[in-house]
Amino acid sequence: MTPPPLQITCKEFAELVTAHEDGVLPERDRIRFESHSERCPGCRAYLQQFRLTIGALRSLPRETAEPDNLDELTRTFRDSEPPAQS
Amino acid sequence: MGAFDGNEPLLVAALRRREEAAFVALVKRYHSLMLRVAYAQLNDVAASEDVVQETWLAVIKGIDSFQGRSSLRTWMFRILTHQASARRERDGRQIPFSALASADAVAAEPSVESSRFFSRDHGPRPYFWVSDPREWPEDALLAAEARSVIATAVRQLPDSQRVVITLRDLEGWAPGEVCEALGISDGNQRVLLHRARSRVREVLDEYLGNGGR
């Protein structure tokens, strides 16, 4: 007997990763995605690469900057009117 | 954001009391991000700086009426997006950013180059990997060089993808916050994010020496 079909192709799998990670795949697609992943080493590796990519993006150092006129903005803030009654 | 990080009610209360330290912390925390988000919508450094200035003034003016129905940052970036789209209109650009983002989402290319899969009419394995991807070493992306490859890949993404991946992954915002801040649909933000992540993964795969395999 031939093994059961994987139901989604590897090409489809690659399109569904973010929706899967966000937990927004409909139940049926989630089951297909996960059972494909169990049976397909290539897609398992792809998922691992994708997750490492997300992890690395999340750990990039944060870029910072401040406006040239921060002092002036801060004065504007300080002198701005709070509402008449609090 | 120093003492206020993660405690938004405290921060909002301090801003309402006009505590300068709270305001300065807020500006330092978000000014760069605002510039990048504005630039993605305007493609013009000077115009982006103007719009971010206008946004800070609007935040000062509006903080007392901020209702807390959305997060403070979502509220601020919604103001920014409104200011940017007003600016786009004033500059004679007919198409709002949200429409561009939506067109980009519709036009998104496949996540993985088609040549990596067998063709549709390939007998037993249509659309399966021609040659399986291989796992990366877990620590492969910790090197400073890898980080700079990632940062460059992000910078080179199309505007709509770059702004979404910046908010979702670099800043860790929730999908709903990104949609609200940019005025785009949940589906579109996810397509743009997915395309952006896929491109960064592809660049990393090439960097790690697996390109084309």
Side-chain angles (χ1 to χ4, degrees), chain A residues 2 5-6 8-25 36 39-86, chain B residues 15-18 20 23-24 27-29 31-33 35-36 49 52-53 56-57 60-61 63-65 110-112 114 116-117 125-129 131-136 138 140-142 146-147 150-151 154 165 168-172 175 186 190-191 193-194 197-198 200-201 204-205 210:
Chain A
T2 53
L6 297 181
I8 56 169
T9 65
C10 303
K11 192 177 166 67
E12 287 165 328
F13 183 94
E15 299 301 338
L16 296 177
V17 179
T18 290
H20 179 264
E21 300 302 283
D22 271 355
V24 297
L25 278 184
H36 181 102
R39 291 174 207 175
C40 177
C43 283
R44 246 187 345 265
Y46 185 81
L47 185 58
Q48 187 257 7
Q49 295 177 356
F50 210 91
R51 285 177 172 160
L52 286 183
T53 302
I54 296 169
L57 285 161
R58 287 186 173 246
S59 67
L60 281 186
R62 185 171 277 148
E63 287 177 42
T64 56
E66 54 184 74
D68 299 335
N69 65 341
L70 180 57
D71 291 348
E72 191 190 320
L73 265 183
T74 307
R75 266 197 308 281
T76 308
F77 168 74
R78 193 189 53 213
D79 299 342
S80 63
E81 284 287 306
Q85 56 100 29
S86 68
Chain B
L15 290 169
R16 290 195 171 134
R17 286 194 304 271
R18 301 298 187 269
E20 288 183 26
F23 180 73
V24 169
V27 174
K28 287 186 172 170
R29 171 69 186 78
H31 189 68
S32 163
L33 185 60
L35 285 172
R36 282 174 283 147
E49 281 170 357
V52 171
Q53 280 296 323
W56 284 125
L57 295 174
I60 292 170
K61 227 174 149 179
I63 189 63
D64 294 310
S65 51
S111 307
V112 175
S114 298
R116 298 236 17 214
F117 299 109
R125 294 173 69 76
Y127 291 147
F128 282 61
W129 300 103
S131 133
D132 278 350
R134 285 195 220 151
E135 289 196 357
W136 293 338
E138 291 284 336
L141 304 181
L142 300 179
R147 286 163 185 262
I150 297 169
V154 169
I165 201 173
R168 283 288 314 269
D169 287 344
L170 278 65
E171 298 287 329
D186 182 60
R190 195 163 290 103
V191 169
L193 174 66
H194 184 64
R197 286 170 169 178
S198 300
V200 176
R201 187 215 63 85
L204 283 170
D205 204 33
N210 300 331

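Throughout, protein chains are lettered first and strands after them, A, B, ... in sequence-line order, and every chain is numbered starting at 1.
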Please look at [X] and chain A and tell me whether the side chain, the backbone, both or neither of the residue comes under 4.5 angstrom of a heavy atom of that chain.
| X | value |
| --- | --- |
| B/Glu138 | both |
| B/Pro110 | both |
| B/Val154 | side chain |
| B/Ser65 | neither |
| B/Ile165 | side chain |

Specify which of B/Glu171, B/Arg36, B/Lys61, B/Arg17 makes the most heavy-atom pairs with chain A at under 4.5 Å. B/Arg36

A quick test of your reading: do over 12 heavy atoms of other residues, nucleotides or ligands sit less than 6.0 Å from CG of A/Asp79? yes

ring-ring contact (aromatic ring centres under 6.0 Å, His included) against A/Phe77, all qualifying residues, sequence neighbours excluded: B/Phe23

Do [X] and [Y] have side-chain heavy atoms sitting under 4.5 Å apart?
| X | Y | answer |
| --- | --- | --- |
| A/Asp22 | B/Arg168 | yes |
| B/Leu57 | A/Leu73 | yes |
| B/Arg147 | A/Pro61 | yes |

Applying side-chain contact (heavy atoms from CB on, under 4.5 Å) to A/Glu12 and B/Phe117, what does each step give before you reach the verdict? CA-CA 11 Å; A/Glu12 287 165 328; B/Phe117 299 109; over 6 Å; no

Exercise: identify the closest heavy-atom pair between B/Ser32 and A/Ala65: CB-N, 3.6 Å

So, for A/Leu57 and B/Arg197, which heavy atoms are closest and what is the spacing to 0.1 Å? CD1-CG, 4.4 Å

Sequence-distant partners of A/Arg78, salt bridge (Lys or Arg N to Asp or Glu O under 4.0 Å), two or more places apart: B/Glu20

Would you give the length of the straight line joining atom [atom1] of [X] to atom [atom2] of [Y], rounded to the nearest 0.5 angstrom?
| X | Y | atom1 | atom2 | result |
| --- | --- | --- | --- | --- |
| B/Ser198 | A/Tyr46 | OG | OH | 4.5 Å |
| A/Asp68 | B/Glu49 | CG | CD | 7.0 Å |
| B/Arg125 | A/Cys10 | CZ | SG | 6.5 Å |
| B/Leu15 | A/Ser80 | CG | OG | 10.0 Å |

Residue [X] versus chain B: region with a heavy atom under 4.5 Å:
| X | value |
| --- | --- |
| A/Arg62 | side chain |
| A/Leu70 | side chain |
| A/Glu15 | both |

